[in-house]
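First comes the structure, then the notes that go with it.
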Amino acid sequence: MTAWLPDETTLHHGDGPRHHAGDGGGDVFALLREQAGNQTAQVTASGAAWLAGAAAYPRSTLAQWESHPSAPGVLPCGSAFDVVNVPTLFGRRMLEHLWSDGPGSGPVAAHRGRMLLFASPGTAQRLPSLLDWEEWGGSPRDGSGRAPLGAEGGGPKVPPLLCHGAGDAVTVPPLTCDPSSSGPRWLVAPDTRNPWLPGPDVLLWACVRVARSVPASAPRISIFPPADQGAKVYDVSRRR
């Protein structure tokens with residue numbers, strides 16, 4: 001299981017000893033292995049190998065990352081993992097429940113104001129159905145292969161989610177990241193070849209826990225004009 005990293009503790013490009021092509025340590029994975037001894041909660045060589053395993057050509061993917069370690073990648077979903085894409089605030093609350101009251105989480109990334117929770121294959125197909133069955137979901141599938149879920153009236157609901165499964169691809173953060181970069185970054189970095197991934201039942205539990213803990217929404221806006229404060233009020237309960 002990976003450990004939840006604060007934003008500032010993810011592996012940053014340039015941290016630690018530098019390796020150059022001419023000193024016998026030119027590959028980025030040597031840097032990852034060396035730093036893993038001092039800080040295990042980061043993208044490691046084993047974690048990079050796991051990520052590359054989702055690609056059609058893992059060796060080519062690893063070679064590309066070695067050449068451009070600070071560039072994000074694109075990986076297909078459905079084989080090694082699915083991804084549940086949630087709003088950032090809701091995702092952080094999910095992580096709080098998963099780590100304080102639940103079994104923890106798998107790798108997690110942040111990208112464009114959303115949080116990407118890596119989940120076990122098949123989650124993208126089952127989670128929307130479970131949320132709808134439990135009446136925590138909202139709109140049906142949009143036919144694009146992704147499953148947006150949201151709330152429309154009533155009690156507390158789970159905000160719009162995007163579930164990426166077979167046939168989808170997601171952007172993954174680079175192996176090393178620049179602190180000043182506004183691109184994707186790891187919040188929970190993969191550090192093993194076989195990371196534990198939550199299934200749809202675990203993520204359903206986390207979604208429901210967060211939705212139930214959200215304070216009541218703002219007062220509803222009435223379609224009727226405000227009452228006249230000076231108007232007389234008559235008791236009509238006894239009128240025959």
Task: Criterion side-chain contact (heavy atoms from CB on, under 4.5 Å) on Val210 and Glu96, from CA distance to verdict - done: CA-CA 9 Å; Val210 175; Glu96 289 174 1; over 6 Å; no
TODO: Decide side-chain contact (heavy atoms from CB on, under 4.5 Å) for Leu187 and Arg92; before the verdict, give the C-alpha distance in whole Å, the side-chain angles of both, and the deciding distance to 0.1 Å.
DONE: CA-CA 10 Å; Leu187 301 179; Arg92 286 192 174 275; 4.2 Å; yes
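Between Leu161 and Leu131 the shortest side-chain heavy-atom distance falls below 4.5 Å. For the pair Asn85/Cys163, no side-chain contact is recorded, criterion being any heavy-atom separation below 4.5 Å from C-beta on. Side-chain contact between Pro72 and His111 is absent, with no heavy atoms from C-beta onward closer than 4.5 Å. Leu162 is listed as a side-chain neighbour of Arg114, based on a closest heavy-atom distance under 4.5 Å. The shortest distance between side-chain heavy atoms of Leu175 and Ser70 does not fall below 4.5 Å. Here the side chains of Pro198 and Leu117 are not in contact, with every heavy-atom distance at 4.5 Å or above. For the pair Trp205 and Leu98, the minimum side-chain heavy-atom distance is below 4.5 Å. Proximity of Val188 to Phe118: side-chain heavy atoms (C-beta onward) are nowhere separated by under 4.5 Å.
Side-chain atoms of Thr192 and Trp50 include no donor-acceptor pair closer than 3.5 Å.
For the pair Asp82 (side chain) and Ala119 (backbone), a donor-acceptor distance under 3.5 Å is absent. Remark: side-chain polar atoms of Ser120 are not paired, donor with acceptor, to backbone N or O of Leu197 under 3.5 angstrom. When atom types are taken as modelled, the side chain of Asp168 and the backbone of Cys77 share no donor-acceptor pair closer than 3.5 angstrom. Between the side chain of Thr176 and the backbone N or O of Pro69, at least one donor-acceptor pair lies under 3.5 Å.
Note that OG1 of Thr44 is 9.0 Å distant from CZ of Arg193, once rounded to the nearest 0.5 Å. A distance of 7.5 Å separates OG in Ser100 from CZ in Arg209, rounded to the nearest 0.5 Å.
The nearest pair of heavy atoms linking Trp186 to Pro107 is CZ3-CB, 4.0 Å. Scanning all heavy atoms of the two residues, the minimum distance from Trp65 to Ala48 falls at CZ3-O, 3.4 Å.
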